[in-house]
Amino acid sequence: PPQTAPEDRSMLQRLMDALGTVKEEKAFERQLRAIDPTLSVARLREIIHQKLLAAQYVNNLAAEKEAEIRAELIERGEEIRTEIMNGREFADAAREYSDHQESRDAGGFIPTVRHDSEDVPQAVIDNAFSQPIGEVGLPIPTSQQDFMGVWLVEVISRQEAGGEDW
């Protein structure tokens, strides 16, 4: 059987502690039976324990599925990068594969990216300032709400900050 995580066990223990003394437990059980004759404190504990185990199982499944999808996206990003490295135009690949509508429509072009840009994930911004000009970088997985996915970046130029706009 699945193990109960320590935080789940402590939650279950807190619930049991909240039931209080035997006298309070008997009164609580009477109230439970008034609601549903099949309920008892022991049954309620069992139900709570099962719900906690089920929630933990679902959370683990979701995390596993997310990791699986992320790995598939990174692999697909590497395949697209290989196409570009083998001569395909970055703009053509962006138009075909990108899910980011604004940059897809512009052939992958994103206007000036600043350190404080809010329309691009932070991981992409960090990459844009460290990646060599003209190189297509490795896939960048992102998990920000509006930018989930994998990004490929080719820095076409870089301008040092200066003047009133910076």
Side-chain angles (χ1 to χ4, degrees), residues 1-84 93-106 108 110-131 136-154:
Q3 296 292 318
T4 304
E7 60 274 6
D8 293 341
R9 186 173 304 285
S10 77
M11 179 186 289
L12 183 59
Q13 187 61 51
R14 286 192 307 257
L15 288 169
M16 289 190 292
D17 292 345
L19 294 173
T21 65
V22 172
K23 182 178 179 182
E24 291 169 334
E25 189 171 312
K26 288 188 184 291
F28 182 69
E29 191 155 337
R30 280 193 300 277
Q31 290 177 340
L32 281 176
R33 290 193 187 276
I35 295 168
D36 181 344
T38 64
L39 281 178
S40 66
V41 171
R43 178 71 181 125
L44 183 61
R45 285 181 182 141
E46 183 182 324
I47 291 168
I48 291 169
H49 180 72
Q50 291 302 316
K51 286 190 179 275
L52 289 172
L53 286 175
Q56 182 180 7
Y57 179 75
V58 168
N59 286 340
N60 288 343
L61 264 179
E64 288 172 15
K65 189 62 177 173
E66 183 179 330
E68 182 181 315
I69 291 169
R70 184 183 189 101
E72 288 173 6
L73 289 171
I74 291 171
E75 183 178 336
R76 185 66 184 129
E78 290 169 347
E79 291 169 0
I80 296 167
R81 180 177 184 261
T82 299
E83 285 183 34
I84 296 167
R95 283 188 195 96
E96 181 175 343
Y97 299 116
S98 181
D99 291 328
H100 186 254
Q101 175 132 10
E102 296 85 30
S103 65
R104 178 184 62 223
D105 293 346
I110 297 175
T112 304
V113 174
R114 297 165 58 144
H115 286 285
D116 62 351
S117 293
E118 294 181 2
D119 56 343
V120 177
Q122 189 61 48
V124 173
I125 293 170
D126 295 343
N127 186 280
F129 284 98
S130 63
Q131 181 175 306
V136 178
L138 295 172
I140 306 165
T142 61
S143 57
Q144 284 176 255
Q145 185 65 26
D146 295 336
F147 304 111
M148 286 189 110
V150 174
W151 292 59
L152 287 178
V153 174
E154 178 183 20

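Because only heavy atoms are used, hydrogens play no part in the values below, and waters and symmetry mates are left out as well, while side chains stay in. Starting from 1, each residue takes its place in the sequence as its number.
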Nearest heavy-atom neighbours spanning [X] and [Y]:
X    : Y    : value
I74  : P139 : O-CG, 3.8 Å
S103 : H100 : OG-ND1, 2.8 Å
V41  : L32  : N-CD1, 3.9 Å
T142 : P121 : CG2-CB, 3.7 Å
A93  : I80  : CB-CG2, 4.1 Å
E29  : S40  : OE2-CB, 3.3 Å

Next item on the list: Could you verify whether a donor N or O on one side chain and an acceptor N or O on the other, from Q122 and D126, lie under 3.5 Å apart?
Entry: yes
Notebook entry, point to check: Under 3.5 Å, is there a donor-acceptor pair linking the side chains of Y97 and E79?
Noted result: no
Checklist line | Straight-line distance of E78 CD to L138 CG, nearest 0.5 Å | finding: 7.0 Å
Taking side chain to side chain contact (heavy atoms under 4.5 Å, CB included) as the definition, give me every residue that meets it alongside [X], ordered by chain and number, with sequence neighbours left out.
X   : result
Q31 : F28
I69 : K65, L73
E66 : none

Checklist line | pair L53-Q50: side-chain heavy atoms closer than 4.5 Å | finding: yes
Next item on the list: Look at atom CZ of F129 and say whether more than 12 heavy atoms of other residues, nucleotides or ligands are closer to it than 6.0 Å.
Entry: yes
Note to self: Tell me whether D36 at atom CG has more than 12 heavy atoms from other residues, nucleotides or ligands lying less than 6.0 Å away.
What the structure shows: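 For D36, atom CG is crowded (more than 12 foreign heavy atoms under 6.0 Å).
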Next item on the list: Check for a donor-acceptor pair, side chain of R81 on one end and backbone N or O of V136 on the other, with a separation under 3.5 Å.
Entry: yes
Check: Within the distance-only criterion (no hydrogens, no angle test), does the side chain of Q131 pair as donor or acceptor with the backbone N or O of V153 below 3.5 angstrom?
Finding: yes
